[in-house]
Amino acid sequence: MLKIATWNVNSIRARLERAIAWLEKASPDIVCLQELKTSNETFPYDEIHAAGYHAAVYGQKTYNGVAILSRNEPTDVMVGLSDDVEDPQARLIAARIDGVNVLSVYVPNGAVVDSDKWIYKLAWYKRLHRYLSRRYTPDDPLLLCGDFNIAPDDRDVANPEKWAGSVICHADGRASLQNLINWGLVDTLRLHHVEQGPYSWWDYRHLGFPKNDGLRIDHILSTPAFAERCTDAMVDREERKGKKPSDHAPVLAFFE
DNA sequence: ATGGTTGCTTAGCAA
């Protein structure tokens, strides 16, 4: 059994106490983290190791930053998109764990449609597609996990009319994610849940969580052959409750 | 009443 999670923690240092408690409670085999908001030098390796996890980290001061935590040692750790674009933003880390290729990504948010950040977001999706197709085939065991900053369709949005046309729901962004999926990926949550919801992110602003104004933007995508082993997937909504939560809840998938 | 937050870094940016 493999239990994998993806979680945008919104600062690993601000979330450390909750993150350690969650690791001990949920005991996942692999966790992809996003928005560490810290450099490698200030990443809390000691506490993560003490909780029983290896940590492959691609940090950045203040913004972004991604990591992969695992019970077993990761090999072949690679960071960044490694293409011809000059890009200081730490948004991708890849590793091989127990024979599975695991990627943790933090796709740019895009701020406002047609802004520079939006252009960067759409370009980043194209670069990620090229990254995948150059390094892997859809026959490889691969899990692409992270904050994609896209709700794939209106089932993934509690208030679709409110969010229509936003950077999370815009048709061009959805097409960018779909293009990635068309390379050869399966949305593991939708293998097991086809109804409206669940959601993985609620804005701190505007009382998003109390009003359940949620969106599903965090995903565990699997290559098709490996997805056949996926027995369930879920969002740990409980982790969004209580004192000092991240604005994202962990998303999990289970493989036999 | 018609906004409401959080985190990092220190007034402003990002989400």
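Letters A, B, ... are given to chains in the order of the sequence lines, protein chains preceding strands, and every chain is numbered from 1.
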Exercise. Side chains of A:Tyr106 and A:Asn149: closer than 4.5 Å at any heavy-atom pair?
Worked result: yes
Exercise. Among residues 103-113 of chain A, which contact DNA chain B at a heavy-atom distance under 4.0 Å?
Worked result: A:Tyr106, A:Asn109
Rounding to a whole Å, what distance do you find between [X]:[atom1] and [N]:[atom2]?
| X | N | atom1 | atom2 | value |
| --- | --- | --- | --- | --- |
| A:Leu215 | B:dA15 | CG | P | 16 Å |
| A:Gln34 | B:dT6 | CD | P | 21 Å |
| A:Asp116 | B:dC13 | CG | P | 15 Å |
| A:His248 | B:dT6 | NE2 | P | 15 Å |
| A:Gln60 | B:dT9 | CD | C1' | 15 Å |
| A:Asn64 | B:dT9 | CG | C1' | 16 Å |
| A:Lys211 | B:dT2 | NZ | C1' | 10 Å |
| A:Tyr63 | B:dC8 | OH | P | 11 Å |

For this session: Rounded to whole angstrom, note down the C1' distance from B:dA14 over to B:dT9.
Result: 12 Å
Exercise. B:dA11 and B:dG7: how far apart are their C1' atoms, nearest whole angstrom?
Worked result: 14 Å
Distance below 4.0 Å between [X] side-chain N/O and [N] OP1 or OP2:
| X | N | result |
| --- | --- | --- |
| A:Arg15 | B:dT6 | no |
| A:Lys244 | B:dG7 | yes |
| A:Lys61 | B:dC8 | no |

For this session: Would you please test A:His193 and A:Asp232 for side chain to side chain contact (heavy atoms under 4.5 Å, CB included) and show each step?
Result: CA-CA 9 Å; A:His193 304 280; A:Asp232 198 9; 3.4 Å; yes
For this session: Give the cluster check for A:Tyr58 versus A:Val77: same hydrophobic cluster or not, with ILVMFWY residues linked at side-chain heavy-atom distances below 4.5 Å.
Result: yes
Looking only at heavy atoms, what is the nearest atom pair of [X] and [Y], with distance?
| X | Y | answer |
| --- | --- | --- |
| A:Asp247 | A:Arg240 | O-NE, 3.1 Å |
| A:Asn109 | A:Lys121 | O-NZ, 2.9 Å |
| A:Ala5 | A:Trp22 | CB-CH2, 3.6 Å |

Exercise. Starting at the 5' end of DNA chain B, which residue's closest nucleotide do you reach first, A:Arg13 or A:Asn149?
Worked result: A:Arg13
Exercise. Which residue lies toward the 5' end of DNA chain B, A:Trp201 or A:Ser11, if each is placed at its nearest nucleotide?
Worked result: A:Ser11
Exercise. Checking A:Gln60 side chain against A:Ala90 main chain: does a donor-acceptor pair fall under 3.5 Å?
Worked result: yes
